[in-house]
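Shown next, in structure tokens, is the structure this report addresses.
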Amino acid sequence: MTDHSDGTRSLRVAHDFYRALQAKDIDALAGLWTTDAVYRVPATPDAVPGEFAGRDVILAALGQFFTLFGDTRVTWDVEPMADPRRVLATWVLEIELLTGGTYRNRGASIFRLEGDRIAEYTEYVDTAAFLALFAANTGTVHRFFASLREKDIEAWGELWHERGAITLAQPVEGYPSRIERKDDIVAACRKLFTTCEALDAELTGVHPAVNSDAVCVQYTVHAKLVSGAAYTNDHIAVFRFEDGLIRAFHDSFDARRLKDAVDAPPAGRA
């Protein structure tokens, strides 16, 4: 009798989860998880498995999900498993993207419950469909930095929209805080390379946003100026795209480090 009632309760919780997900009801979802629950996913935007650990972390992730996507439609079916604390669910998801179009995916999930709370939720989805949301723009970002490392300015310039723009979050003395239009951006890049004997930009994080065309990146610049001075700085930048090309690049870094490197006396001079 206990197993039967536990199984019925587990099915009810699984149904409640998908109803709340479709309704974007964060308050209803808050009551469904144990405090130390784990939500496992087969792939993050970086194409590696991931997980959200703890109810607060899970709710924060779901809350962000709700702000990023438009109308959400879920159809689902749930089935009991031999262990009454576990439920198998199959589902189909359709989401209206704020940038236009519809994202569709289907998958299966396994719930493990403790009482009437979800302790573990493991999701299996079509990862190719999921990663396709991010592939095009992140590919352009990787080509952007690869071209810089190779000093291939022609290839780098082809990534820019004709009406592209670069904006620096902090003004740097001697440098424009904003450069507009592709031709001027490419010209500025050529000028930059005349001041650098060596330049490398190491990508340390790529974070696409699913609600827009934006991609946020973290990168570290290692450069040796023609004066012999070394320059290293950590950057955070946001790319925006139009027609598959870079429309805007907003760069933020410690401007004092660049000024100190530029103002340093040439190597060998007392």
From CA spacing to verdict: side-chain contact (heavy atoms from CB on, under 4.5 Å), F241, L159: CA-CA 10 Å; F241 296 83; L159 302 176; over 6 Å; no
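- Once rounded to the nearest 0.5 Å, the distance linking CZ of R117 with CZ of R55 reads 8.0 Å.
- At a threshold of 4.0 Å, the pair D83-R85 counts as salt-bridged, since one of the basic side-chain nitrogens sits closer than that to a carboxylate oxygen.
- W76 pairs in a ring-ring contact (aromatic ring centres under 6.0 Å, His included) with only one of the listed residues (Y18, F111, W91), which is Y18.
- Taking the six-membered ring for Trp and thresholds of 30 and 60 degrees, W33 and F17 have ring planes more than 60 degrees apart, a perpendicular arrangement.
- A side-chain contact (heavy atoms from CB on, under 4.5 Å) with H235 holds for exactly one of T220, T204, V221, V217; it is V221.
- A donor-acceptor pair under 3.5 Å is absent between the side-chain atoms of E197 and the main chain of K224, judged by distance alone.
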side-chain contact (heavy atoms from CB on, under 4.5 Å) evaluation trace for T194 with R190: CA-CA 7 Å; T194 65; R190 292 187 189 280; 5.9 Å; no
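- Taken from OG1 in T90 to CG in D77, the straight-line distance is 5.0 Å, to the nearest 0.5 Å.
- Residues V125 and L62 are members of one and the same hydrophobic cluster, defined by side-chain heavy-atom contacts under 4.5 angstrom among Ile, Leu, Val, Met, Phe, Trp and Tyr.
- The two residues A119 and T34 come nearest to each other via the heavy atoms CA-OG1, 3.7 Å.
- Interatomic distance, NZ of K24 versus CG of D71, reported as 6.5 Å (0.5 Å rounding).
- Closest approach of P176 to L168, counting heavy atoms only: O-CD1, 3.6 Å.
- Put simply, the side chain of S10 never gets that close to the backbone of R86: no donor and acceptor are under 3.5 Å apart.
- One finds the NE2 atom of H250 at 12.0 Å from the CD1 atom of I166 (value rounded to the nearest 0.5 Å).
- The side-chain contact (heavy atoms from CB on, under 4.5 Å) with Y219 is formed by just one residue from the set N233, V141, L203; it is L203.
- Nearest heavy atom pair, residue K182 against residue G157, reads CE-O, 3.0 Å.
- Taking both residues in full, the closest heavy atoms of L148 and F193 are given as O-CZ, 3.6 Å, listed atom of the first, atom of the second, then distance.
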Audit row: D234, F253, side-chain contact (heavy atoms from CB on, under 4.5 Å) steps and yes/no: CA-CA 6 Å; D234 294 320; F253 56 94; over 6 Å; no
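- A salt bridge does not link R149 to E202: none of the charged side-chain nitrogens sits closer than 4.0 Å to a carboxylate oxygen.
- Judged by distance alone, with hydrogens and angles left aside, the side-chain atoms of N105 form a donor-acceptor pair with the main-chain N or O of D126 at under 3.5 Å.
- Linking Ile, Leu, Val, Met, Phe, Trp and Tyr residues whenever their side-chain heavy atoms come within less than 4.5 Å places L192 and F145 in a single cluster.
- Looking at every heavy atom in both residues, Y39 comes nearest to E123 through OH-OE2, 3.3 Å.
- Atom CD1 of I153 is surrounded by more than 12 heavy atoms from other residues, nucleotides or ligands within 6.0 Å.
- Atom CD of residue E120 and atom CG of residue D36 lie 9.5 Å apart, to the nearest 0.5 angstrom.
- Panel note: side chain R240, backbone F249; no donor-acceptor pair is recorded below 3.5 Å.
- Transitive grouping of hydrophobic side chains (ILVMFWY, heavy atoms separated by less than 4.5 Å) brings L32 and F52 into a common cluster.
- Other residues, nucleotides and ligands place more than 12 heavy atoms under 6.0 Å from the CZ atom of R19.
- A donor-acceptor pair under 3.5 Å links the side-chain atoms of Q170 to the main chain of A255, judged by distance alone.
- Note on L245 and V206: separate hydrophobic clusters, where clusters join Ile, Leu, Val, Met, Phe, Trp and Tyr whose side-chain heavy atoms are under 4.5 Å apart, directly or indirectly.
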Derivation and outcome, side-chain contact (heavy atoms from CB on, under 4.5 Å), residues Y103 and L93: CA-CA 8 Å; Y103 165 66; L93 174 70; 4.2 Å; yes
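- Atom CZ of R256 has 12 or fewer neighbouring heavy atoms from other residues, nucleotides or ligands inside a 6.0 Å radius.
- The nearest pair of heavy atoms linking L225 to C196 is CD2-SG, 4.0 Å.
- Atom OG1 of residue T35 and atom CD of residue E114 lie 9.0 Å apart, to the nearest 0.5 angstrom.
- Between the side chains of T167 and R178, at least one donor N or O lies within less than 3.5 Å of an accepting N or O.
- I236 and F144 fall into different hydrophobic clusters, defined by Ile, Leu, Val, Met, Phe, Trp and Tyr side-chain heavy atoms under 4.5 Å apart, directly or through other members.
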